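Heads up: the structure comes next, in C-alpha cells.
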Amino acid sequence: MAALDPHSFTKASQTRTKHVSLSLYVDFSSSTIHASVLFRLEKPHQGPFSLDTRSLTIHGVIDPTSRASLPFTLSSPDPIKGSELSVTLSDHSSFLITYSTSPSSSALQWLLPPQTFAKSHPFVYTQCQAIHARSVFPCQDTPAVRICYSARLNIPSELSAVMAARHVQRRSPKNDDALDVATPSPWCAEGRVVEEFEMEQSVPPYLFAFAVGALGNREVGPRTRVYAEDVAAVLDSAAAEFAGTEDMIREGERLFGPYDWERFDLLVLPPSFPYGGMENPRMVFLTPTVVKGDATGAQVVAHELAHSWTGNLITNKTNEHFWLNEGFTTYAERRIVEAVQGEQRAALNIGIGWRGLNEDVERFKDNLEFTKLKNNQEGIDPDDVYSQVPYEKGFQFLWRIERQVGRQAFDEFLKKYIATFKFQSIDTETFLDFLKANIPGIENKIDLVLWTEGTGIPPDAHEPDSTIYKLIVSLANEFINGRMPREDEVAGWQGQEWELYLDNLPKSIEASQLVDLDSRYKLSGSKDYEVKVAFLRRAISCGCKTYYNEVEKTLKGVGRMKYLRPLYTALVKDGGNEDGKVFAKTLFSEARECYHPIAQGVVEAIFSKHL
C-alpha cells in the first residue's frame, strides 16, 4: 500500500486518527515516561493499522471495551522513520496502547538541576518537529493527519506542567486516570500531582508539546502569559521583551483574520532549546537567546505568532512542502514587524534573510534538490536538510506575487486562502490551483513552475531596497580597504544592523582587521547572540584563534542550532587546519549532553561530512 508521507509508515488508504487520550507518568529518576494512549479513529478499521514509533517499548495493545489483547508487531528500526507498530484490528474504532519512552527519545530533553537557570530542580521538555512525536507516543506522525487530544501528566508535586493545549486543572491523581500505565511507583503515590489538558482543535502531531519544571509566570497581555523557570530575573526580562505581544496579535488579526487559538502564551526554556522558537499552539516555546533587552527578540515571537495562521491553521501535508508553513510565515512575520516596528526594521529582517538564502543555496550546491521549494525527501532525514530555503525562497515567492498584484489584492487573497483551508493539511499543487483560480492569469506573469520546482534563486527574486540596508552593505564592502565604520555611522545600531554588517563583510579579510573591529565595538562579547556568533564565525574563518575561548563559552552555553551549525561548520571546514577540527571534536564531547538530541544529530552530521 502506498505511503502517505515519505517520513511515515502511515498508509494512504488507512483510516485517520481522530482523537488520542494520553496518561503520562513522568519519571525523572530514569528519564522515562511510562504511559498509555487511547486511540479513537474516524471510522472502524479492519486489518493491519500502522503507527510510527521511535525508541518506544510497547507493553501491550488492548480493546478498551472487552479488555482483550490485540495482536501487534514492531518492526526493526529504520534509521530515519523509526519502527512501524502494526496493530491488527477487527472492525475496531478504538484501542489502547501501553508503552514506555526511552531515555534516548529524540523529542525529549531531560535536564539535571545544574543545566537549568535555577539549578534547583530537574526539567523536561519536548521538541516534536519534524518527525519526533513518535518518540513520545505511537502516532500517525505525519502533518497530513490532524488530531485532537487530551492528556494527564502525572508529575512530582513540587513541579508544574505547561502544554500546547487548554489547561483543565491541577489535582490529585485518581486511579482511573492511569489507564493501565505500568508505573515504577503507584500512580496515586504521595508527592505526585496530575496536570490535565485538552486540545479541542485538530493539530498535526509535530505540534504536540509539553514541559515540566519549577515554573513561574508573568502576565503581559489579555491573551498572553510568559512562563519560564521561577527565577525573577528570567521572568522579568522576558516579560519586558515581549510586552508588545498583544499589539502583534491584533495586527495579525487585521491582516489574516481572527486568532482561532484563544490563548497565545510563551514559554522561555533553558538554554539548550535547539530552535529560536517553536510555534506550538497556545504555548509557544522560545530560546532564552531571544531575550535581548531591546524588544528585537519579539521578531521571533512575531514569526511564531504568524504560524497561528500559516502552519498551525493551514499545514504542509508533508515536509516536502515545508515552504507552505515557513515561507508564508516569514512573509506574515515581516508584515507584522513592519506594522508594529516600522518599515526599516522589516527591511533589515529581509536583508538578513536574503543573505541567509544565498548562503544556504551555496551550501546545497552539490545537492540542488534542496534548493527547490517543493522537493523530494524520500530517504532523507528532514533535520539534515533544514535550511533557510523554505523560509526565504518561500518568502521571496510570495513577495514576488505581492509586487505583481499589489498589496491590497494580495491581502484579500491571503485572507481568503486562510479562511478556505484552515484546519487542513495541503500540498503545493493545492496552493497553486487556488492561486490561479483566484488571481486569473498569474501563471502568465510569474513562472510558477520555476519558483516551486526550479533550483536556486529565480532571477525575479528581489534584494531589499531600503536606505539603511544599502548603507550597511556599503559599509561592509568598504571594510576590505581597512575602512571601519565610524562611531557616528553606527550610533543607534541594534543587533540586526550589526548582524547584517558582519554577514556582508568580504570573505578575504585579515584576522588583524577583525581584532581591530572588535577592540572598538566589542562584538565578540555582545549579549546579542546573533551578533556574537556572526562575529565568531568570521573570526574562525580567518584562522583567528584569539577567540577560541569565546567560541567555547558560546558552544557550551547555548544549544540553539542556529548558532551550533555555523560555528561547528566553521571550525571543521573553514578554519582550514587540524587545530580547529580537534578543538571542535573536544568541545562537542564536553558539551554534547547539554544539547537536545536533535541538535546532537545535527552536529554529528556536520562532523560526518567534513571530518
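Computed from heavy atoms alone, side chains included, the values below leave out hydrogens, waters and symmetry copies. As the structure is a computational prediction, the values presented were derived from the model and not from experiment.
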Next item on the list: Output every pair passing salt bridge (charged side-chain N to carboxylate O under 4.0 Å, His left out) with a member in residues 149-167, not counting sequence neighbours, ordered by first then second residue.
Entry: Arg166-Glu200
Note to self: Taking the basic N atoms (NZ, or NE/NH1/NH2) and the acidic carboxylate oxygens, is any pair closer than 4.0 Å for Asp360 and Arg363?
What the structure shows: yes
Item checked: Closest approach of Val193 to Arg171 (non-hydrogen atoms, all atoms of both residues) -> CG2-O, 3.0 Å
Check: Hey, do the aromatic rings of Phe210 and Tyr125 have their centres closer than 6.0 Å?
Finding: no
Note to self: Does Asp518 form a salt bridge (charged side-chain N to carboxylate O under 4.0 Å, His left out) with Arg538? I'd like the steps, not just the answer.
What the structure shows: CA-CA 12 Å; Asp518 188 47; Arg538 297 312 301 261; over 6 Å; no
Note to self: Nearest 0.5 angstrom please: Tyr501 OH to Trp493 CH2, how far?
What the structure shows: 6.5 Å
Checklist line | Under 3.5 Å: donor-acceptor pair, side chain of Asp52, backbone of Phe9 | finding: yes
Notebook entry, point to check: Under 3.5 Å, side chain of His596 to main-chain N/O of Ala599, donor-acceptor pair present?
Noted result: no
Note to self: Side chains of Ser150 and Ser21 only: does a donor on one sit below 3.5 Å from an acceptor on the other?
What the structure shows: yes
Next item on the list: Could you point out which residue of Arg263, Arg225, Arg223 forms a salt bridge (charged side-chain N to carboxylate O under 4.0 Å, His left out) with Glu246?
Entry: Arg223
Item checked: Partner of Cys139 by side chain to side chain contact (heavy atoms under 4.5 Å, CB included), out of Pro204, Pro205, Ser8 -> Pro205
Notebook entry, point to check: Rounded to the nearest 0.5 Å, how far does CD of Glu552 lie from CG of Leu567?
Noted result: 12.5 Å
Notebook entry, point to check: Do Ser589 side-chain atoms and Thr586 backbone N/O form a donor-acceptor pair below 3.5 Å?
Noted result: yes
Notebook entry, point to check: What do you reckon, are the aromatic ring centroids of His59 and Tyr99 less than 6.0 Å apart?
Noted result: no
Note to self: Using a 6.0 Å cut-off, check whether atom NZ of Lys527 has over 12 heavy atoms from anything other than its own residue.
What the structure shows: no
Check: Any donor-acceptor pair under 3.5 Å linking the side chain of Trp110 with the backbone of Phe123?
Finding: no
Item checked: salt bridge (charged side-chain N to carboxylate O under 4.0 Å, His left out) pairs, two or more places apart, involving residues 599-611 -> Arg592-Glu604
Note to self: Using a 3.5 Å distance criterion without hydrogens, assess whether the side chain of Gln109 forms a donor-acceptor pair with backbone atoms of Cys594.
What the structure shows: yes
Next item on the list: Taking atom types as modelled, find out whether Gln600 and Glu593 have a side-chain donor-acceptor pair closer than 3.5 angstrom.
Entry: no
Check: Is the backbone N or O of Thr289 less than 3.5 Å from a side-chain atom of Lys292, with the two atoms forming a donor-acceptor pair by type?
Finding: no
Next item on the list: Take Lys119 and Glu229 through the salt bridge (charged side-chain N to carboxylate O under 4.0 Å, His left out) test and state the conclusion after the steps.
Entry: CA-CA 10 Å; Lys119 316 294 184 191; Glu229 286 184 65; over 6 Å; no
Notebook entry, point to check: Ser100 and His34: which non-hydrogen atoms are nearest, and at how many Å?
Noted result: OG-ND1, 2.9 Å
Check: Do Thr142 side-chain atoms and Gln140 backbone N/O form a donor-acceptor pair below 3.5 Å?
Finding: no
Item checked: Ring-ring centroid check Tyr521 Trp498, cutoff 6.0 Å -> yes
Item checked: Any donor-acceptor N/O pair, Asn217 side chain to Val226 backbone, under 3.5 Å -> no
Margin query: Is it the case that over 12 heavy atoms from other parts of the model lie below 6.0 angstrom from the NZ atom of Lys556?
Written below: yes
Margin query: With salt bridge (charged side-chain N to carboxylate O under 4.0 Å, His left out) as the criterion, how do Arg537 and Glu550 come out once you've worked through the C-alpha distance, each side chain's angles and the decisive distance to 0.1 Å?
Written below: CA-CA 11 Å; Arg537 182 171 70 153; Glu550 200 60 53; over 6 Å; no
Notebook entry, point to check: Should we count CG of Asp176 as having more than 12 external heavy atoms under 6.0 Å?
Noted result: yes
Note to self: Ring centroids only, cut at 6.0 angstrom: are Tyr547 and Phe535 within range, meaning strictly under it?
What the structure shows: yes
Show me the side-chain donor-acceptor pairs of residues 276-284 shorter than 3.5 Å, one per line, residues at least two apart or across chains.
from	atom 1	to	atom 2	distance (Å)
Arg282	NH1	Trp261	O	3.3
Arg282	NH1	Glu262	OE1	3.0
Arg282	NH2	Glu262	OE1	3.3

Next item on the list: May I ask you to check if Arg192 and Tyr25 form a cation-pi contact, with NZ or CZ under 6.0 angstrom from the six-membered ring centre and within 45° of the axis?
Entry: yes
